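Following: one structure in structure tokens, then a few remarks.
It should be emphasised that the depicted structure is a prediction, and the values quoted were computed from it without experimental measurement. Computed over heavy atoms, backbone and side chain alike; hydrogens, waters and symmetry mates excluded.
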Amino acid sequence: MEILERNKEIYTLYKSVFLKNYQLEDPNVICRRVSNLSEFAYKSHVGIFRDDFIEDCLKWLGSLILKDHLPIIKKKPERKILHIISKYCIGGHISLVQNTIAALKDYEHYIIFTQEASEKYDHIKSIFPIAKIKFLDLKNSEIQKATNLKNYCKQYETLFIFQNPEDCVPSIALSSRNQRQSVYYFNHADHAFWLGADICDYTVEIRDAGKNISQLARNLQRSFVIDLPIKIKERIKKQKNSGKILAISMASKHKFMPKENYNFFKIWEKILNRQNNLVLGIVGLEQKDLPKFIMHHPRVITYGIVKDPTKILLSADLAVDPIPLGSYTSLLETCSLGSFPVFNYNPLKIFDLSNDPSFIHLKVNINSEEDYISNVLNLCLDHEKLINRGHEVRKKITKDHSIEKYKNQLSKILSKNYKEKLETEFSGELNFEHDRMAKINFNQNNYDQLLHRILKENVKLNLKQIFLKRNLIKLLGGNLRDLKYSMKN
């Protein structure tokens, strides 16, 4: 069975077994199951970007369980924004929040976390110094957290959502709200399945491809595209690294995982063996994360997870996009300090970052591993020229992705007149490439995790559901012992 078809079948069977009669179940159990299924859907890809059945389920939880008076907002609008964030993590997700707050300094900013521990307050406060920060108590059930979030949201007219794809708390809390409240969903995971489509008044997109997916596959017509903001830092004159050329790649571990014929480490082993003055540095991985064949390569450096990698990035000559999954924010941040971009040759069109306004003039055309290797080797021929080209790219990013430009875009989006004039506009045809997306996202851990959660479920099932559950466990790779254990439950 093809990966995509297997994922679809798993998704469908899970709904049939565990969510079909959700109105009769414990609401907190339903929340857990929705989150489990949604996490599998966005990590593995099941051929959809939203599910009306799941959205209706969350809406039902919100409308029937959270009965209270609708929020009352003062007649005079206040310049206050509430940012609803699932969890703090180092990377592009939090950078977008930081830059959003920096762009809208004339507003009061409040942040509430739905999945984060309050013990991290001091560190998070240092990241968002001008915002007032609150945490939902993690000891509470999802329903109680949704109730508390709904009550907290009453005093705000403008809500910005930066949630994780599987977080169901905002969807339940905001399923019924005052008509004067506006919800803006910042769609950073634009290529993936996520919860919350029904509570969005507007989606803020970071690229045209994301807007097309929202409009065509999520039925969210009111979508705005912004240029991903990058905080431009002062550029110290780049010094040659003792004749060495430093290539830096920065991303989360999963973006480097080899898939199909796309193997970042094997490709770079070939490049390093042909270019003796080239050094590869990886931010986000530790040495133990590397395959054995490249783990002890003398010109491969791993920096691990770094809170502020600026000093490392300042030394880079090349900004290397990970393979197979690109990292938009990381590539822009590295290039904004004077590095020249190396794009991957991932087959997914949505990850083609060479179309960014700051890069499109480079007219890069890399369609194969051979093209990729040849491109890197050619860039290394003239170190001085490479440094100058990196400086030119930096100037483009400074213009195209500035906080000031982002501020103007957000101010326009928040303008009532602008919203009234908004019309549905498609940026062009989009091939969703579901099969390739499922293959690129394949990770056995996603199946193992869902199987483990299913085996822990203790629920009475009818004969049909028992049969479906057996099939579901088989599809997830369960063995005979798992099936017997399942039947005991």
Side-chain angles (χ1 to χ4, degrees), residues 38-39 41-51 54-55 83-86 89 91-97 99-100 160-167 170-171 183-230 251-252 254-255 321-322 324-333 343-344 346-357 359 401 406 409-410 413 422 424-434 436-438 440-441:
S38 300
E39 185 175 358
Y42 93 79
K43 285 184 176 179
S44 299
H45 190 68
V46 296
I48 57 175
F49 296 98
R50 72 167 281 171
D51 186 335
I54 297 296
E55 295 293 332
H83 305 262
I84 301 173
I85 306 174
S86 296
C89 58
H93 192 72
I94 290 298
S95 293
L96 182 58
V97 184
N99 292 330
T100 299
F160 284 3
I161 296 184
F162 301 87
Q163 71 176 52
N164 288 348
E166 86 291 352
D167 189 355
S171 293
V183 174
Y184 298 82
Y185 190 108
F186 283 71
N187 189 17
H188 195 255
D190 53 6
H191 59 285
F193 175 98
W194 44 258
L195 301 175
D198 270 7
I199 63 171
C200 297
D201 293 312
Y202 310 95
T203 57
V204 180
E205 312 283 349
I206 61 175
R207 47 192 162 193
D208 286 333
K211 176 182 177 181
N212 284 344
I213 290 176
S214 288
Q215 292 186 331
L216 295 172
R218 295 192 182 99
N219 195 29
L220 298 172
Q221 306 307 323
R222 293 180 289 186
S223 299
F224 304 87
V225 178
I226 52 92
D227 293 299
L228 191 63
I230 299 297
S252 302
H254 74 278
K255 295 192 174 185
D321 205 24
L325 297 175
S327 185
Y328 197 7
T329 304
S330 295
L331 188 68
L332 284 172
E333 285 183 348
F343 305 105
N344 67 30
N346 190 293
L348 296 176
K349 302 293 184 184
I350 194 169
F351 287 113
D352 184 3
L353 304 183
S354 65
N355 289 324
D356 181 85
F359 301 139
H401 293 276
Y406 183 49
Q409 290 175 325
L410 285 181
I413 290 171
L422 181 64
T424 301
E425 295 179 357
F426 299 112
S427 305
E429 293 184 4
L430 182 68
N431 178 3
F432 292 134
E433 302 181 282
H434 290 304
R436 285 179 172 177
M437 198 173 290
I440 293 296
N441 282 285

Non-neighbouring partners of Lys43 that pass side chain to side chain donor-acceptor pair (under 3.5 Å), sequence neighbours left out: Glu39

From CA spacing to verdict: side chain to side chain contact (heavy atoms under 4.5 Å, CB included), Ile84, Asp167: CA-CA 11 Å; Ile84 301 173; Asp167 189 355; over 6 Å; no

For the student: nearest non-hydrogen atoms of Thr329 and Gly92, plus distance: OG1-CA, 3.7 Å

Pairwise distance CG(Leu216) to OG(Ser223) - rounded to 0.5 angstrom: 10.0 Å

Pairwise side-chain contact, Arg222 with Leu220, heavy-atom cut-off 4.5 Å (strictly under): no

Any Glu433 side-chain heavy atom under 4.5 Å of Ile350 side chain: no

Exercise: identify the closest heavy-atom pair between Leu331 and Phe343: CD2-CE2, 3.8 Å

Heavy-atom side-chain proximity of His401 to Pro229 below 4.5 angstrom: no

Check: His83 ring centre within less than 6.0 Å of Tyr184 ring centre: no

Contact check, side chains of Val204 and Val225, non-hydrogen atoms, under 4.5 Å: no

Under the side chain to side chain donor-acceptor pair (under 3.5 Å) test, residues paired with Tyr42 that sit two or more places apart: none

Candidate pair Ile206 and Tyr328, rule side chain to side chain contact (heavy atoms under 4.5 Å, CB included), full reasoning: CA-CA 9 Å; Ile206 61 175; Tyr328 197 7; 3.9 Å; yes

Side chain to side chain contact (heavy atoms under 4.5 Å, CB included) between Leu195 and Gln163, intermediate numbers included: CA-CA 9 Å; Leu195 301 175; Gln163 71 176 52; 4.2 Å; yes

Beyond-backbone contact of Phe186 with Ile161, side-chain heavy atoms, under 4.5 angstrom: no

Partner set under side chain to side chain donor-acceptor pair (under 3.5 Å) for His188, not counting sequence neighbours: none

Ring geometry between Phe160 and Phe162 (parallel below 30°, tilted from 30 to 60°, perpendicular above 60°): perpendicular

From Asp321, Leu353, Leu332, residue fulfilling side-chain contact (heavy atoms from CB on, under 4.5 Å) relative to Ser327: Asp321

NZ/NE/NH1/NH2 to OD/OE distance under 4.0 Å, Arg207 and Asp356: no

Where Glu333 and Ser95 come nearest, the two heavy atoms and their spacing: OE2-OG, 3.5 Å

Partners passing side chain to side chain contact (heavy atoms under 4.5 Å, CB included) against Ser252 (at least two apart in sequence or in another chain): His254

Pairwise side-chain contact, Asp227 with Tyr406, heavy-atom cut-off 4.5 Å (strictly under): no

Non-hydrogen atoms of Glu55 and Arg50 that approach each other most closely: CG-NH2, 3.9 Å

With sequence neighbours excluded, residues passing side chain to side chain donor-acceptor pair (under 3.5 Å) with Glu205: Asn187, Thr203, Ser214

Over all atoms of both residues, closest heavy-atom pair of Val183 and Asp201: N-OD2, 2.8 Å

With sequence neighbours excluded, residues passing side chain to side chain contact (heavy atoms under 4.5 Å, CB included) with Asp51: Tyr11, Lys15, Ile48, Phe53, Ile54, Phe193

Approximate separation, where rounding is to 0.5 Å, of His191 NE2 and Met437 CE: 7.0 Å

Side chain proximity check, Ser44 to Asn441, heavy atoms < 4.5 angstrom: no

Over all atoms of both residues, closest heavy-atom pair of Cys200 and Tyr185: SG-CB, 3.3 Å

